[in-house]
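Just below is one structure, and these are the notes that go with it.
In what follows, chains are A, B, ... by sequence order, proteins preceding strands, each numbered from 1.
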Amino acid sequence: MHIHIAELKGFASSLHVWRTCTHSTEDLQELTTFTMPHRTIHIFRKGLRLHDNPTLLAALESSDVIFPLYILDKNFITSNTNVGSNRWNFLLQSIEDLHCNLQKLNSCLFVIKGDYKQVLRDYVQKWNITQVTVDHEIEPYYRDMDENITAMGQELGFQFLSLVSHTLYDIRRIITENGGRAPLTYKRFLHILSRLGDPEPPSREITEEHFMKCTTPADAFVTEEHRVPLPEDLDVPRSKSTNWIGGESQGLRRLEQHLEKQGWVSQFKKPQTIPNSLLPSTTGLSPYFSVGCLSVRVFFQKLSTIYAQAKNHSLPPVSLQGQLLWREFFYTVASYTPNFTKMAGNPICLQIDWYKDEDKLNKWTKAQTGFPWIDAIMTQLREEGWIHHLARHAVACFLTRGDLWISWEEGMKVFEELLLDADYSINAGNWMWLSASAFFHHYTRIFCPVRFGKRTDPDGNYIRVSNGDFSPQKILARFKGLSCEIHL
DNA sequence: TCGAGAGTTGGAATC
DNA sequence: CGATTCCAACTCTCG
(Lines give C-alpha, C1' and ligand atoms only; values in the text may rest on other atoms or scores of the structure.)
Protein backbone atom coordinates (compact mmCIF):
# COMPACT_ATOMS: atom_id res chain seq x y z
CA MET A 1 0.00 0.00 0.00
CA HIS A 2 2.83 2.36 0.90
CA ILE A 3 4.52 1.77 -2.44
CA HIS A 4 1.24 2.28 -4.20
CA ILE A 5 0.85 5.80 -2.77
CA ALA A 6 4.40 6.68 -3.72
CA GLU A 7 3.66 5.47 -7.22
CA LEU A 8 0.59 7.64 -7.46
CA LYS A 9 2.57 10.67 -6.34
CA GLY A 10 5.18 10.01 -9.00
CA PHE A 11 2.51 9.59 -11.60
CA ALA A 12 0.80 12.82 -10.64
CA SER A 13 4.04 14.72 -10.74
CA SER A 14 4.99 13.48 -14.20
CA LEU A 15 1.51 14.31 -15.44
CA HIS A 16 1.86 17.80 -14.08
CA VAL A 17 5.04 18.45 -16.04
CA TRP A 18 3.52 16.94 -19.11
CA ARG A 19 0.35 18.98 -18.93
CA THR A 20 2.20 22.25 -18.57
CA CYS A 21 4.10 21.54 -21.76
CA THR A 22 1.35 20.52 -24.12
CA HIS A 23 -1.76 22.30 -25.22
CA SER A 24 -3.55 20.61 -28.11
CA THR A 25 -6.85 18.80 -27.77
CA GLU A 26 -5.26 15.65 -29.09
CA ASP A 27 -2.89 15.71 -26.19
CA LEU A 28 -5.77 16.09 -23.78
CA GLN A 29 -7.46 13.09 -25.34
CA GLU A 30 -4.21 11.27 -24.88
CA LEU A 31 -4.35 12.05 -21.18
CA THR A 32 -7.44 9.90 -20.75
CA THR A 33 -5.70 6.82 -22.11
CA PHE A 34 -2.46 7.55 -20.27
CA THR A 35 -3.07 4.88 -17.65
CA MET A 36 -2.91 2.05 -20.19
CA PRO A 37 0.57 0.50 -20.07
CA HIS A 38 2.44 1.27 -23.25
CA ARG A 39 5.09 -0.43 -25.30
CA THR A 40 7.39 2.51 -25.79
CA ILE A 41 10.36 3.51 -27.91
CA HIS A 42 12.31 6.27 -26.20
CA ILE A 43 14.45 8.03 -28.80
CA PHE A 44 17.64 9.61 -27.51
CA ARG A 45 18.85 12.46 -29.72
CA LYS A 46 20.34 14.97 -27.28
CA GLY A 47 19.57 14.27 -23.62
CA LEU A 48 22.16 11.46 -23.52
CA ARG A 49 21.73 10.87 -19.81
CA LEU A 50 19.68 9.10 -17.18
CA HIS A 51 19.70 11.87 -14.54
CA ASP A 52 17.07 14.60 -14.88
CA ASN A 53 15.40 12.94 -17.82
CA PRO A 54 11.67 13.62 -17.41
CA THR A 55 10.74 12.23 -20.83
CA LEU A 56 12.40 8.89 -20.13
CA LEU A 57 10.89 8.88 -16.64
CA ALA A 58 7.41 9.47 -18.05
CA ALA A 59 8.03 6.74 -20.62
CA LEU A 60 8.99 4.27 -17.90
CA GLU A 61 6.06 5.16 -15.68
CA SER A 62 3.50 4.80 -18.46
CA SER A 63 4.84 1.58 -20.01
CA ASP A 64 5.56 -2.03 -19.22
CA VAL A 65 8.00 -2.45 -22.10
CA ILE A 66 10.62 0.09 -23.20
CA PHE A 67 13.13 0.16 -26.04
CA PRO A 68 15.78 2.86 -25.51
CA LEU A 69 16.86 3.78 -29.01
CA TYR A 70 19.56 5.88 -30.63
CA ILE A 71 19.06 6.36 -34.35
CA LEU A 72 22.39 7.06 -35.98
CA ASP A 73 21.06 9.26 -38.73
CA LYS A 74 23.86 11.50 -39.95
CA ASN A 75 21.35 14.30 -40.34
CA PHE A 76 20.80 14.16 -36.60
CA ILE A 77 24.06 15.79 -35.80
CA THR A 78 23.77 18.61 -38.23
CA SER A 79 21.79 19.42 -41.28
CA ASN A 80 24.40 20.98 -43.55
CA THR A 81 28.04 20.56 -42.57
CA ASN A 82 30.65 18.01 -41.66
CA VAL A 83 31.09 16.73 -38.17
CA GLY A 84 34.77 16.51 -37.29
CA SER A 85 36.36 13.37 -35.93
CA ASN A 86 36.74 14.77 -32.41
CA ARG A 87 33.00 15.42 -32.30
CA TRP A 88 32.22 11.93 -33.59
CA ASN A 89 34.47 10.42 -30.96
CA PHE A 90 32.86 12.45 -28.21
CA LEU A 91 29.38 11.51 -29.38
CA LEU A 92 30.15 7.81 -29.68
CA GLN A 93 31.73 7.81 -26.23
CA SER A 94 28.60 9.47 -24.88
CA ILE A 95 26.36 6.86 -26.51
CA GLU A 96 28.54 4.03 -25.23
CA ASP A 97 28.40 5.44 -21.71
CA LEU A 98 24.62 5.70 -21.96
CA HIS A 99 24.47 2.06 -23.04
CA CYS A 100 26.62 1.02 -20.05
CA ASN A 101 24.50 3.01 -17.61
CA LEU A 102 21.32 1.46 -19.03
CA GLN A 103 22.87 -2.01 -18.73
CA LYS A 104 23.47 -1.37 -15.03
CA LEU A 105 19.69 -0.97 -14.75
CA ASN A 106 18.99 -4.20 -16.68
CA SER A 107 18.23 -2.37 -19.88
CA CYS A 108 20.36 -1.41 -22.89
CA LEU A 109 20.61 1.03 -25.75
CA PHE A 110 19.65 -0.05 -29.26
CA VAL A 111 21.71 1.81 -31.82
CA ILE A 112 20.30 1.63 -35.32
CA LYS A 113 21.84 3.27 -38.37
CA GLY A 114 19.67 4.83 -41.04
CA ASP A 115 17.07 7.38 -41.92
CA TYR A 116 14.99 8.00 -38.80
CA LYS A 117 11.65 7.77 -40.59
CA GLN A 118 12.44 4.37 -42.04
CA VAL A 119 13.98 3.08 -38.81
CA LEU A 120 10.99 4.21 -36.79
CA ARG A 121 8.50 2.78 -39.26
CA ASP A 122 10.27 -0.60 -39.23
CA TYR A 123 10.68 -0.92 -35.49
CA VAL A 124 7.29 0.44 -34.45
CA GLN A 125 5.78 -2.48 -36.35
CA LYS A 126 8.42 -5.04 -35.40
CA TRP A 127 8.10 -4.27 -31.67
CA ASN A 128 4.33 -3.47 -31.56
CA ILE A 129 4.98 0.03 -30.26
CA THR A 130 2.12 2.13 -28.82
CA GLN A 131 4.13 5.17 -27.71
CA VAL A 132 7.21 7.08 -28.87
CA THR A 133 8.89 9.50 -26.47
CA VAL A 134 11.62 12.03 -27.15
CA ASP A 135 13.22 14.98 -25.38
CA HIS A 136 11.86 18.33 -26.57
CA GLU A 137 14.14 20.39 -28.85
CA ILE A 138 13.80 23.84 -30.43
CA GLU A 139 15.97 23.44 -33.55
CA PRO A 140 14.03 23.48 -36.83
CA TYR A 141 15.37 20.06 -37.84
CA TYR A 142 14.10 18.47 -34.64
CA ARG A 143 10.78 20.32 -34.74
CA ASP A 144 10.31 18.98 -38.23
CA MET A 145 11.17 15.53 -36.94
CA ASP A 146 8.60 15.83 -34.14
CA GLU A 147 5.92 16.75 -36.67
CA ASN A 148 6.86 13.79 -38.83
CA ILE A 149 6.77 11.40 -35.88
CA THR A 150 3.40 12.79 -34.76
CA ALA A 151 2.00 12.25 -38.24
CA MET A 152 3.49 8.77 -38.36
CA GLY A 153 1.88 8.06 -35.00
CA GLN A 154 -1.55 8.91 -36.39
CA GLU A 155 -0.92 6.59 -39.29
CA LEU A 156 0.57 3.68 -37.36
CA GLY A 157 -1.37 4.15 -34.15
CA PHE A 158 1.17 5.18 -31.55
CA GLN A 159 1.19 8.14 -29.20
CA PHE A 160 3.89 10.78 -29.03
CA LEU A 161 5.22 12.38 -25.86
CA SER A 162 7.88 15.07 -25.56
CA LEU A 163 8.95 16.95 -22.42
CA VAL A 164 11.42 19.78 -21.86
CA SER A 165 14.75 19.20 -20.15
CA HIS A 166 17.44 20.45 -22.51
CA THR A 167 16.86 24.03 -21.37
CA LEU A 168 16.20 25.59 -17.96
CA TYR A 169 12.74 26.76 -18.98
CA ASP A 170 10.22 25.72 -21.54
CA ILE A 171 11.36 28.29 -24.10
CA ARG A 172 7.79 28.72 -25.32
CA ARG A 173 6.88 30.19 -21.93
CA ILE A 174 9.60 32.85 -22.27
CA ILE A 175 8.37 33.89 -25.70
CA THR A 176 4.79 34.07 -24.44
CA GLU A 177 5.80 36.09 -21.38
CA ASN A 178 7.55 38.57 -23.69
CA GLY A 179 4.37 39.18 -25.64
CA GLY A 180 4.94 36.54 -28.30
CA ARG A 181 8.34 37.84 -29.43
CA ALA A 182 11.93 37.03 -28.59
CA PRO A 183 13.78 39.44 -26.28
CA LEU A 184 16.83 40.73 -28.13
CA THR A 185 18.87 41.95 -25.18
CA TYR A 186 20.18 39.96 -22.24
CA LYS A 187 18.84 42.51 -19.79
CA ARG A 188 15.37 42.26 -21.22
CA PHE A 189 15.68 38.48 -21.19
CA LEU A 190 16.58 38.47 -17.48
CA HIS A 191 13.63 40.72 -16.79
CA ILE A 192 11.28 38.24 -18.45
CA LEU A 193 12.79 35.38 -16.44
CA SER A 194 12.30 37.33 -13.21
CA ARG A 195 8.60 37.34 -13.99
CA LEU A 196 8.63 33.58 -14.61
CA GLY A 197 10.43 32.69 -11.38
CA ASP A 198 12.96 29.90 -10.90
CA PRO A 199 13.59 27.30 -13.60
CA GLU A 200 11.91 23.90 -13.39
CA PRO A 201 13.71 21.74 -10.83
CA PRO A 202 15.32 18.52 -12.10
CA SER A 203 13.00 15.53 -12.35
CA ARG A 204 13.08 12.53 -10.01
CA GLU A 205 15.84 9.98 -10.26
CA ILE A 206 15.47 6.97 -12.53
CA THR A 207 16.26 3.79 -10.62
CA GLU A 208 16.54 0.05 -11.09
CA GLU A 209 13.00 -0.23 -9.77
CA HIS A 210 11.66 1.64 -12.80
CA PHE A 211 13.27 -0.92 -15.07
CA MET A 212 11.85 -3.78 -13.00
CA LYS A 213 8.31 -2.58 -13.66
CA CYS A 214 9.06 -1.57 -17.23
CA THR A 215 11.46 -3.97 -18.89
CA THR A 216 13.57 -4.08 -22.03
CA PRO A 217 13.17 -7.45 -23.77
CA ALA A 218 16.62 -9.04 -23.77
CA ASP A 219 15.83 -11.20 -26.80
CA ALA A 220 15.28 -8.08 -28.91
CA PHE A 221 18.88 -7.08 -28.46
CA VAL A 222 20.98 -8.57 -31.22
CA THR A 223 24.52 -7.71 -30.26
CA GLU A 224 26.05 -7.09 -33.67
CA GLU A 225 23.09 -5.36 -35.23
CA HIS A 226 22.32 -2.94 -32.43
CA ARG A 227 25.60 -2.34 -30.66
CA VAL A 228 27.20 1.07 -30.22
CA PRO A 229 29.56 1.59 -33.17
CA LEU A 230 33.26 2.18 -32.78
CA PRO A 231 34.86 5.11 -34.63
CA GLU A 232 36.31 2.61 -37.14
CA ASP A 233 32.81 1.40 -38.00
CA LEU A 234 32.03 4.91 -39.25
CA ASP A 235 35.44 5.47 -40.85
CA VAL A 236 36.17 8.10 -38.24
CA PRO A 237 39.76 8.39 -37.00
CA ARG A 238 40.25 7.94 -33.27
CA SER A 239 40.75 11.14 -31.25
CA LYS A 240 44.36 11.79 -30.35
CA SER A 241 43.33 14.02 -27.49
CA THR A 242 42.26 12.34 -24.27
CA ASN A 243 41.35 15.56 -22.50
CA TRP A 244 37.69 15.31 -23.46
CA ILE A 245 35.92 12.00 -22.97
CA GLY A 246 32.22 12.00 -23.76
CA GLY A 247 29.49 10.60 -21.55
CA GLU A 248 27.24 11.25 -18.59
CA SER A 249 29.67 9.56 -16.19
CA GLN A 250 32.53 11.86 -17.19
CA GLY A 251 30.28 14.89 -17.21
CA LEU A 252 28.98 14.25 -13.70
CA ARG A 253 32.52 13.62 -12.45
CA ARG A 254 33.72 16.94 -13.88
CA LEU A 255 30.68 18.72 -12.50
CA GLU A 256 31.29 17.39 -8.99
CA GLN A 257 34.96 18.37 -9.15
CA HIS A 258 34.04 21.95 -9.89
CA LEU A 259 31.27 22.13 -7.32
CA GLU A 260 33.76 21.19 -4.60
CA LYS A 261 35.50 24.54 -5.12
CA GLN A 262 32.70 26.53 -3.56
CA GLY A 263 34.65 29.77 -3.27
CA TRP A 264 35.69 29.65 -6.89
CA VAL A 265 32.14 28.78 -7.98
CA SER A 266 30.48 31.60 -6.06
CA GLN A 267 33.01 34.23 -7.13
CA PHE A 268 33.27 33.15 -10.79
CA LYS A 269 33.43 36.09 -13.22
CA LYS A 270 33.72 35.15 -16.85
CA PRO A 271 35.73 38.16 -18.11
CA GLN A 272 38.36 37.45 -15.44
CA THR A 273 39.04 33.94 -16.70
CA ILE A 274 42.00 33.51 -19.01
CA PRO A 275 41.51 32.78 -22.71
CA ASN A 276 45.00 31.45 -23.27
CA SER A 277 45.80 29.46 -20.14
CA LEU A 278 47.36 26.08 -20.85
CA LEU A 279 44.45 24.25 -19.28
CA PRO A 280 40.85 25.51 -19.28
CA SER A 281 40.31 28.41 -16.89
CA THR A 282 36.54 27.84 -17.04
CA THR A 283 34.51 24.73 -16.20
CA GLY A 284 34.86 23.02 -19.58
CA LEU A 285 31.39 21.55 -19.12
CA SER A 286 29.96 22.91 -22.38
CA PRO A 287 30.55 19.76 -24.49
CA TYR A 288 28.59 17.77 -21.91
CA PHE A 289 25.69 20.22 -21.91
CA SER A 290 25.59 20.38 -25.71
CA VAL A 291 24.74 16.69 -26.15
CA GLY A 292 22.87 16.55 -22.87
CA CYS A 293 25.27 14.32 -20.93
CA LEU A 294 24.70 16.89 -18.20
CA SER A 295 21.48 18.63 -17.22
CA VAL A 296 21.59 22.43 -17.13
CA ARG A 297 18.78 22.31 -14.59
CA VAL A 298 20.90 20.20 -12.21
CA PHE A 299 23.86 22.56 -12.59
CA PHE A 300 21.66 25.61 -12.07
CA GLN A 301 20.10 24.16 -8.92
CA LYS A 302 23.44 23.12 -7.45
CA LEU A 303 24.79 26.61 -8.12
CA SER A 304 21.79 28.10 -6.31
CA THR A 305 22.60 25.93 -3.28
CA ILE A 306 26.22 27.09 -3.26
CA TYR A 307 25.20 30.74 -3.70
CA ALA A 308 22.81 30.43 -0.77
CA GLN A 309 25.63 29.20 1.46
CA ALA A 310 28.13 31.84 0.35
CA LYS A 311 28.47 35.29 1.94
CA ASN A 312 28.26 36.85 -1.48
CA HIS A 313 28.39 35.62 -5.05
CA SER A 314 28.79 36.93 -8.56
CA LEU A 315 25.74 37.68 -10.69
CA PRO A 316 24.66 37.39 -14.32
CA PRO A 317 25.92 38.11 -16.89
CA VAL A 318 29.37 37.15 -15.56
CA SER A 319 28.48 34.46 -12.99
CA LEU A 320 28.28 30.73 -13.66
CA GLN A 321 24.49 30.85 -13.57
CA GLY A 322 24.81 33.80 -15.93
CA GLN A 323 26.60 31.51 -18.40
CA LEU A 324 23.70 29.06 -18.32
CA LEU A 325 21.36 31.98 -18.89
CA TRP A 326 23.34 33.11 -21.94
CA ARG A 327 22.77 29.65 -23.34
CA GLU A 328 19.06 30.02 -22.57
CA PHE A 329 19.01 33.47 -24.16
CA PHE A 330 20.35 32.20 -27.49
CA TYR A 331 18.00 29.22 -27.41
CA THR A 332 15.11 31.61 -26.92
CA VAL A 333 15.98 33.90 -29.81
CA ALA A 334 16.88 30.96 -32.07
CA SER A 335 13.55 29.27 -31.37
CA TYR A 336 11.67 32.31 -32.63
CA THR A 337 13.87 33.63 -35.44
CA PRO A 338 13.56 32.21 -38.97
CA ASN A 339 16.82 31.40 -40.77
CA PHE A 340 18.70 31.90 -37.50
CA THR A 341 21.90 30.31 -38.83
CA LYS A 342 21.95 32.41 -42.00
CA MET A 343 22.26 36.09 -42.89
CA ALA A 344 19.77 36.03 -45.77
CA GLY A 345 16.20 35.94 -44.62
CA ASN A 346 17.19 36.42 -40.99
CA PRO A 347 15.21 39.41 -39.67
CA ILE A 348 17.55 40.16 -36.74
CA CYS A 349 20.75 39.97 -38.78
CA LEU A 350 22.44 42.97 -40.34
CA GLN A 351 22.80 42.39 -44.09
CA ILE A 352 26.46 42.87 -44.99
CA ASP A 353 28.25 42.51 -48.31
CA TRP A 354 31.01 40.27 -46.98
CA TYR A 355 34.04 39.40 -49.09
CA LYS A 356 34.21 35.94 -50.62
CA ASP A 357 37.81 34.81 -50.36
CA GLU A 358 38.40 31.05 -50.30
CA ASP A 359 42.13 31.44 -49.88
CA LYS A 360 41.95 33.69 -46.82
CA LEU A 361 39.16 31.62 -45.31
CA ASN A 362 41.22 28.49 -45.79
CA LYS A 363 44.26 30.08 -44.15
CA TRP A 364 42.17 31.12 -41.16
CA THR A 365 40.66 27.64 -40.92
CA LYS A 366 44.03 25.89 -41.15
CA ALA A 367 45.81 28.19 -38.67
CA GLN A 368 47.96 29.83 -41.34
CA THR A 369 47.11 33.51 -40.97
CA GLY A 370 50.62 34.39 -39.80
CA PHE A 371 49.27 35.91 -36.58
CA PRO A 372 50.66 33.52 -33.91
CA TRP A 373 47.86 34.17 -31.40
CA ILE A 374 45.12 33.61 -33.96
CA ASP A 375 46.84 30.53 -35.39
CA ALA A 376 47.43 29.07 -31.94
CA ILE A 377 43.72 29.31 -31.17
CA MET A 378 42.73 27.70 -34.47
CA THR A 379 45.25 24.92 -33.82
CA GLN A 380 43.80 24.23 -30.40
CA LEU A 381 40.33 24.23 -31.91
CA ARG A 382 41.32 21.69 -34.55
CA GLU A 383 43.34 19.41 -32.29
CA GLU A 384 41.38 19.57 -29.07
CA GLY A 385 37.89 20.64 -30.04
CA TRP A 386 37.60 23.21 -27.29
CA ILE A 387 38.80 26.82 -26.96
CA HIS A 388 38.04 29.49 -24.39
CA HIS A 389 35.11 31.79 -25.03
CA LEU A 390 37.30 34.88 -25.41
CA ALA A 391 39.61 33.01 -27.77
CA ARG A 392 36.52 32.35 -29.87
CA HIS A 393 35.86 36.09 -29.80
CA ALA A 394 39.36 36.86 -30.99
CA VAL A 395 39.30 34.54 -34.01
CA ALA A 396 35.70 35.38 -34.87
CA CYS A 397 36.40 39.11 -34.84
CA PHE A 398 39.51 38.49 -36.96
CA LEU A 399 37.58 36.53 -39.59
CA THR A 400 34.70 38.98 -39.82
CA ARG A 401 34.60 42.70 -39.05
CA GLY A 402 38.10 42.87 -37.56
CA ASP A 403 40.38 41.85 -40.39
CA LEU A 404 39.30 39.50 -43.19
CA TRP A 405 35.73 40.74 -43.70
CA ILE A 406 34.51 37.21 -44.42
CA SER A 407 30.96 36.18 -43.54
CA TRP A 408 30.25 34.90 -40.05
CA GLU A 409 28.42 31.97 -41.64
CA GLU A 410 31.74 30.58 -42.87
CA GLY A 411 33.24 30.79 -39.40
CA MET A 412 30.14 29.27 -37.87
CA LYS A 413 30.47 26.23 -40.16
CA VAL A 414 34.08 25.70 -39.16
CA PHE A 415 33.17 25.90 -35.48
CA GLU A 416 30.28 23.51 -36.07
CA GLU A 417 32.66 20.97 -37.52
CA LEU A 418 35.38 21.28 -34.89
CA LEU A 419 33.86 22.36 -31.58
CA LEU A 420 32.88 19.56 -29.22
CA ASP A 421 30.24 21.88 -27.80
CA ALA A 422 28.91 23.03 -31.18
CA ASP A 423 25.31 24.04 -30.75
CA TYR A 424 22.80 25.33 -33.29
CA SER A 425 21.58 28.29 -31.24
CA ILE A 426 24.67 29.31 -29.33
CA ASN A 427 27.08 29.01 -32.23
CA ALA A 428 25.01 31.08 -34.66
CA GLY A 429 24.08 33.59 -31.93
CA ASN A 430 27.65 34.23 -30.93
CA TRP A 431 28.85 34.53 -34.52
CA MET A 432 26.23 37.19 -35.16
CA TRP A 433 27.30 38.86 -31.93
CA LEU A 434 31.01 38.91 -32.76
CA SER A 435 30.49 40.05 -36.33
CA ALA A 436 28.23 42.85 -35.01
CA SER A 437 25.40 41.45 -37.12
CA ALA A 438 22.96 41.16 -34.23
CA PHE A 439 22.80 41.63 -30.44
CA PHE A 440 26.04 43.64 -30.39
CA HIS A 441 26.58 46.71 -32.52
CA HIS A 442 29.80 48.45 -31.47
CA TYR A 443 31.60 47.45 -34.59
CA THR A 444 34.53 49.72 -33.80
CA ARG A 445 35.48 47.62 -30.77
CA ILE A 446 38.04 45.36 -32.37
CA PHE A 447 40.10 42.66 -30.67
CA CYS A 448 43.73 43.29 -31.57
CA PRO A 449 45.07 39.96 -32.88
CA VAL A 450 48.42 40.62 -31.16
CA ARG A 451 47.91 42.64 -28.00
CA PHE A 452 44.73 41.01 -26.71
CA GLY A 453 46.48 37.69 -26.20
CA LYS A 454 49.61 39.33 -24.80
CA ARG A 455 47.74 40.74 -21.83
CA THR A 456 47.09 37.35 -20.23
CA ASP A 457 50.05 35.46 -21.69
CA PRO A 458 52.98 37.89 -21.94
CA ASP A 459 55.53 35.08 -22.37
CA GLY A 460 53.61 33.45 -25.22
CA ASN A 461 53.44 30.01 -23.57
CA TYR A 462 50.05 29.27 -25.09
CA ILE A 463 51.32 30.07 -28.56
CA ARG A 464 54.41 27.90 -28.05
CA VAL A 465 52.33 24.92 -26.93
CA SER A 466 49.98 25.22 -29.87
CA ASN A 467 52.93 25.43 -32.24
CA GLY A 468 54.31 22.23 -30.72
CA ASP A 469 57.37 23.83 -29.19
CA PHE A 470 56.92 21.67 -26.12
CA SER A 471 54.78 18.64 -25.37
CA PRO A 472 51.63 18.70 -23.25
CA GLN A 473 53.29 16.32 -20.79
CA LYS A 474 56.07 18.81 -20.16
CA ILE A 475 53.53 21.54 -19.73
CA LEU A 476 51.55 19.52 -17.22
CA ALA A 477 54.68 18.83 -15.19
CA ARG A 478 55.70 22.44 -15.39
CA PHE A 479 52.38 23.87 -14.35
CA LYS A 480 51.35 21.23 -11.83
CA GLY A 481 51.77 23.69 -8.98
CA LEU A 482 49.18 25.97 -10.54
CA SER A 483 46.41 23.39 -10.77
CA CYS A 484 44.20 25.22 -8.30
CA GLU A 485 44.34 28.27 -10.53
CA ILE A 486 43.88 26.60 -13.84
CA HIS A 487 41.04 24.30 -12.85
CA LEU A 488 41.86 21.09 -14.63
C1' DT B 1 6.35 58.51 -31.11
C1' DC B 2 10.82 59.74 -30.46
C1' DG B 3 14.87 60.67 -27.88
C1' DA B 4 17.76 59.37 -24.06
C1' DG B 5 20.19 55.72 -22.09
C1' DA B 6 22.34 51.46 -22.11
C1' DG B 7 24.91 47.63 -24.03
C1' DT B 8 28.53 40.29 -20.85
C1' DT B 9 34.25 40.76 -22.49
C1' DG B 10 38.13 47.02 -27.09
C1' DG B 11 41.90 50.07 -26.90
C1' DA B 12 44.72 54.15 -26.01
C1' DA B 13 45.77 57.91 -23.26
C1' DT B 14 45.87 59.88 -18.93
C1' DC B 15 46.10 60.36 -14.06
C1' DC C 1 49.69 49.58 -12.13
C1' DG C 2 44.69 50.42 -11.55
C1' DA C 3 40.98 53.22 -12.54
C1' DT C 4 38.89 56.67 -15.53
C1' DT C 5 37.85 58.92 -19.70
C1' DC C 6 37.51 59.34 -24.35
C1' DC C 7 37.05 57.38 -28.89
C1' DA C 8 33.01 57.14 -32.46
C1' DA C 9 28.60 56.77 -33.28
C1' DC C 10 25.10 51.25 -33.83
C1' DT C 11 20.57 49.38 -32.24
C1' DC C 12 17.20 48.03 -28.78
C1' DT C 13 14.47 49.24 -24.91
C1' DC C 14 11.83 52.10 -22.24
C1' DG C 15 9.49 56.03 -20.67
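A donor atom on one side chain and an acceptor atom on the other are found under 3.5 Å apart for A:H51 and A:E248. In this structure, a donor-acceptor pair under 3.5 Å is absent between the side chains of A:E383 and A:N86. Under 3.5 Å, the side chains of A:R195 and A:H191 contain a donor-acceptor pair of N or O atoms. Side-chain atoms of A:S165 and A:D52 form no donor-acceptor pair, as typed in the model, at a separation below 3.5 Å. Side chains of A:Y116 and A:N148: a donor-acceptor N/O pair is present below 3.5 angstrom, by distance only.
OP1 or OP2 of C:dC14 lies within a sub-4.0 Å distance of a side-chain N or O belonging to A:R188. One finds no side-chain N or O of A:R445 lying less than 4.0 angstrom from the OP1 or OP2 phosphate oxygen of B:dG7.
Listed candidates were C:dC10, B:dG10, C:dT13. Nearest to the side chain of A:L184 is C:dT13. Nearest nucleotide to the A:T185 side chain, out of B:dT8, C:dT13, B:dG11: C:dT13. Among B:dT8, B:dG11, C:dT11, the nucleotide with an atom closest to any side-chain atom of A:R455 is B:dG11. With C:dT13, B:dT9, B:dT8 as the candidates, the nucleotide lying closest to the side chain of A:K270 is B:dT9. Minimum atom distance to the side chain of A:N430 is reached by B:dT8, of the listed C:dA9, B:dG10, B:dT8. Nearest nucleotide to the A:K187 side chain, out of B:dA6, B:dT9, B:dG11: B:dA6.
C:dA9 and B:dC2 have their P atoms separated by 24 Å, given to the nearest Å. B:dA6 and C:dT5 have their P atoms separated by 15 Å, given to the nearest Å. Between C:dC14 and B:dT8, the distance separating the two P atoms is 13 Å to the nearest Å. One P atom belongs to C:dA8, the other to B:dT14, and the distance between them is 14 Å to the nearest Å. Rounded to a whole angstrom, the distance from the P atom of B:dT1 to that of C:dC10 is 23 Å.
Between the C1' atom of C:dC12 and the CH2 atom of A:W433 lies a distance of 12 Å, rounded to the nearest Å. Rounded to an integer number of Å, the gap from CD of A:Q351 to P of C:dC10 is 18 Å. In this structure, the CZ atom of A:F329 is 11 Å from the C1' atom of B:dG7, given to the nearest Å. Spacing between atom CD1 of A:I446 and atom P of C:dA9 amounts to 13 Å, rounded to whole angstrom units. Between the CZ atom of A:F447 and the C1' atom of B:dA12 there is a distance of 16 Å, rounded to whole Å. Per the geometry, OH belonging to A:Y443 stands 15 Å off P belonging to C:dC12, to the nearest Å. Between the CZ atom of A:F189 and the P atom of B:dT8 there is a distance of 13 Å, rounded to whole Å. For A:L434 and C:dC10, the CG to P distance is 20 Å, given to the nearest whole Å.
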Subject >> DNA chain C base-pair string [pairs: Watson-Crick or G-U under 3.5 Å; |: paired with another strand] >> reply: .||||||..||||||
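The base of B:dT8 sits with one of its N or O atoms less than 3.5 Å from a complementary donor or acceptor on the side chain of A:H389. Between the side chain of A:H442 and the base of B:dG7, a donor-acceptor pair under 3.5 Å is found.
For the ring-ring contact (aromatic ring centres under 6.0 Å, His included) with A:F398, the qualifying choice from A:W405, A:W364, A:F371 is A:F371, the only one to do so.
Non-hydrogen atoms lying under 4.0 Å from DNA chain C are contributed by nothing in residues 391-401 of chain A.
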**OP:** Step by step, work out the salt bridge (charged side-chain N to carboxylate O under 4.0 Å, His left out) result for A:D97 and A:R49.
**Re:** CA-CA 9 Å; A:D97 185 60; A:R49 63 169 182 271; over 6 Å; no
**OP:** Could you please spell out the steps behind the side chain to side chain contact (heavy atoms under 4.5 Å, CB included) verdict for A:H42 and A:N53?
**Re:** CA-CA 11 Å; A:H42 177 79; A:N53 194 329; 4.3 Å; yes
**OP:** Tell me, with the steps shown, if A:E416 and A:N82 meet side-chain hydrogen bond (donor to acceptor under 3.5 Å, both in side chains).
**Re:** CA-CA 8 Å; A:E416 190 172 290; A:N82 289 329; over 6 Å; no
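At least one cation-pi condition fails for A:R188 and A:Y186: the charged atom is not both under 6.0 angstrom from the six-membered ring centre and inside a 45 degree cone around its axis.
A:F452 comes within 4.0 angstrom of the backbone, heavy atoms only, and of no base.
Of all heavy-atom pairs spanning A:F452 and A:P275, the tightest one is CE2-CG, 4.4 Å.
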